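Contents: one structure, followed by commentary.
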Amino acid sequence: MDNQVISFHYTLKDEKGGVIDSSRNSHPMSFLVGRSQIIPGLEKILVTLQKGDKREVAIAAADAYGAYDKALVREFPRNKFPKKEIQVGQVFQIGQGENHRVATVTAVSDAHVTLDANHPLAGKDLNFEVEMMEMREATVEEVVHGHAHGEGGHGHGH
Ligand code: ZN
């Protein structure tokens with residue numbers, strides 16, 4: 001299965017059936033197998049499917065975005081942030097390069113800003129509807145880069 005590129009459509013739903021995210025309005029998502037580019041629970045299923053197969057899959061948090069980690073919720077001094085107003089729900093990038101994370105503001109006071117760097121879906125069991133669209137050999141360039149190119153793949157910023 002290594003060096004295969006899989007393209008698939010998905011609709012992600014929460015426990016109550018509300019749609020969180022879907023690829024249906026856009027290109028199928030593409031990924032290079034075996035490079036941890038999508039959540040493990042989903043990759044495990046997709047590699048067993050044939051083109052055109054559809055599945056409804058329930059994925060436990062541990063096999064999705066992992067457990068919610070309280071250690072990733074931290075208070076920072078207010079003066080480390082821009083002077084303009086900061087609101088709960090606003091996101092900031094913290095860390096550098098490969099280690100950067102997106103953190104969401106969960107509380108603001110005069111002295112502190114609390115940031116939660118957990119993935120928004122951490123600790124959640126997820127329900128996916130998936131459809132296998134295509135499986136193909138990766139190009140040499142994709143293997144070297146470690147990700148899929150083309151529609152639904154890595155865009156290299158354009
Ligand atoms: Zn690339």
Side-chain angles (χ1 to χ4, degrees), residues 1-74 76 80-82 89-106 115-158:
M1 287 305 298
D2 278 2
N3 300 336
Q4 296 286 311
V5 170
I6 287 177
S7 299
F8 67 104
H9 269 302
Y10 68 92
T11 298
L12 169 59
K13 296 178 176 178
D14 61 22
E15 288 112 283
K16 290 171 190 155
V19 174
I20 297 172
D21 191 16
S22 177
S23 66
R24 289 286 177 187
N25 311 322
S26 179
H27 305 300
M29 178 178 262
S30 298
F31 71 100
L32 188 57
V33 172
R35 305 295 181 99
S36 303
Q37 287 167 355
I38 63 168
I39 58 173
L42 207 49
E43 180 155 349
K44 229 180 278 178
I45 301 288
L46 287 166
V47 296
T48 69
L49 301 184
Q50 307 287 323
K51 184 174 179 171
D53 283 352
K54 292 181 183 178
R55 289 284 185 286
E56 293 194 15
V57 203
I59 299 177
D63 246 358
Y65 291 96
Y68 187 85
D69 183 357
K70 279 186 185 151
L72 294 176
V73 181
R74 288 170 59 197
F76 296 88
K80 297 274 187 202
F81 290 83
Q90 208 172 330
V91 294
F92 288 93
Q93 290 225 0
I94 57 175
Q96 299 289 325
E98 291 288 307
N99 294 319
H100 85 273
R101 281 175 168 273
V102 173
T104 306
V105 176
T106 56
L115 291 180
D116 183 348
N118 282 287
H119 189 281
L121 297 173
K124 295 196 168 133
D125 298 335
L126 304 175
N127 297 298
F128 281 93
E129 288 172 17
V130 294
E131 180 177 358
M132 168 65 87
M133 303 304 289
E134 188 190 22
M135 188 183 298
R136 63 171 171 83
E137 287 284 331
T139 64
V140 172
E141 192 185 42
E142 285 172 324
V143 173
V144 171
H145 285 197
H147 52 232
H149 290 163
E151 289 183 345
H154 200 272
H156 290 292
H158 47 237

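Keep in mind that what you see is a predicted model, and the values were worked out from it rather than measured. Every heavy atom of this structure was used, including side-chain atoms; hydrogens, water molecules and symmetry mates were not.
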Using the rule given for side chain to side chain contact (heavy atoms under 4.5 Å, CB included), can you reason through Leu115 versus Thr104, listing the C-alpha separation, both sets of side-chain angles and the distance that settles it, and then say yes or no? CA-CA 5 Å; Leu115 291 180; Thr104 306; over 6 Å; no
Any chance you could lay out the side chain to side chain contact (heavy atoms under 4.5 Å, CB included) test for Ile38 and Ile6, step after step, and finish with the verdict? CA-CA 11 Å; Ile38 63 168; Ile6 287 177; over 6 Å; no
Start with the C-alpha gap between Phe31 and Leu42, add the side-chain angles, then the distance that decides, and say whether side chain to side chain contact (heavy atoms under 4.5 Å, CB included) holds. CA-CA 11 Å; Phe31 71 100; Leu42 207 49; over 6 Å; no
From CA spacing to verdict: side chain to side chain contact (heavy atoms under 4.5 Å, CB included), Met133, His9: CA-CA 7 Å; Met133 303 304 289; His9 269 302; 3.7 Å; yes
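Gly123 and Ala61 get closest at one heavy-atom pair: C-CB, 3.6 Å. Scanning both residues, Met135 and Leu46, for their nearest heavy atoms gives CE-O, 4.5 Å. Scanning both residues, Val143 and Ala138, for their nearest heavy atoms gives CG2-CB, 3.8 Å.
The backbone N or O of Ser23 sits nowhere less than 3.5 Å from a side-chain atom of Ser26 that would complete a donor-acceptor pair. A side-chain donor-acceptor contact under 3.5 Å links Asn118 to the backbone of Asp69.
A search for side-chain hydrogen bond (donor to acceptor under 3.5 Å, both in side chains) contacts involving Glu15 returns nothing, not counting sequence neighbours. Scored by the side-chain hydrogen bond (donor to acceptor under 3.5 Å, both in side chains) test, Glu141 finds His149 as partners (sequence neighbours excluded). For Arg55, the side-chain hydrogen bond (donor to acceptor under 3.5 Å, both in side chains) test picks out no residue, with sequence neighbours left out. Partners of Phe92 under the ring pair (Phe, Tyr, Trp, His ring centres under 6.0 Å) rule, at least two apart in sequence or in another chain, are Phe81.
Of the charged side-chain nitrogens involved, none lies within less than 4.0 Å of a carboxylate oxygen, so that Glu56 and Lys13 do not count as a salt-bridged pair.
How far CG of Asn127 is from CD1 of Ile59: 8.5 Å, rounded to the nearest 0.5 Å. Taking CZ of Arg136 as the start and OG of Ser30 as the end, the distance is 6.5 Å to the nearest 0.5 Å. Remark: Leu72 CG to His119 NE2 distance equals 12.5 Å, nearest 0.5 Å. Expressed to the nearest 0.5 Å, how far CD1 of Ile39 lies from CZ of Phe128 amounts to 4.0 Å. Distance check: Asp21 CG to Leu12 CG gives 6.0 Å after rounding to the nearest 0.5 Å. Atom CD of Gln93 and atom CZ of Arg101 lie 12.0 Å apart (nearest 0.5 Å).
Annotation for Arg74: atom CZ does not count as buried by contact number, only 12 or fewer foreign heavy atoms lying within 6.0 Å.
Applying the salt bridge (charged side-chain N to carboxylate O under 4.0 Å, His left out) test to residues at least two apart or on different chains, none of the pairs has a partner in residues 143-155. For residues 31-48, the set of pairs meeting the salt bridge (charged side-chain N to carboxylate O under 4.0 Å, His left out) definition, not counting sequence neighbours, comprises Lys44-Asp63.
In this structure the side chain of Glu129 never reaches within 4.5 angstrom of the side chain of Arg24, judged on heavy atoms. Looking at Leu32 and Gln37, their side chains come closer than 4.5 Å, going by heavy atoms from C-beta outward.
Note on ring orientation: taking the six-membered ring where Trp is involved, the planes of Phe8 and Tyr10 are tilted (angle from 30° to 60°).
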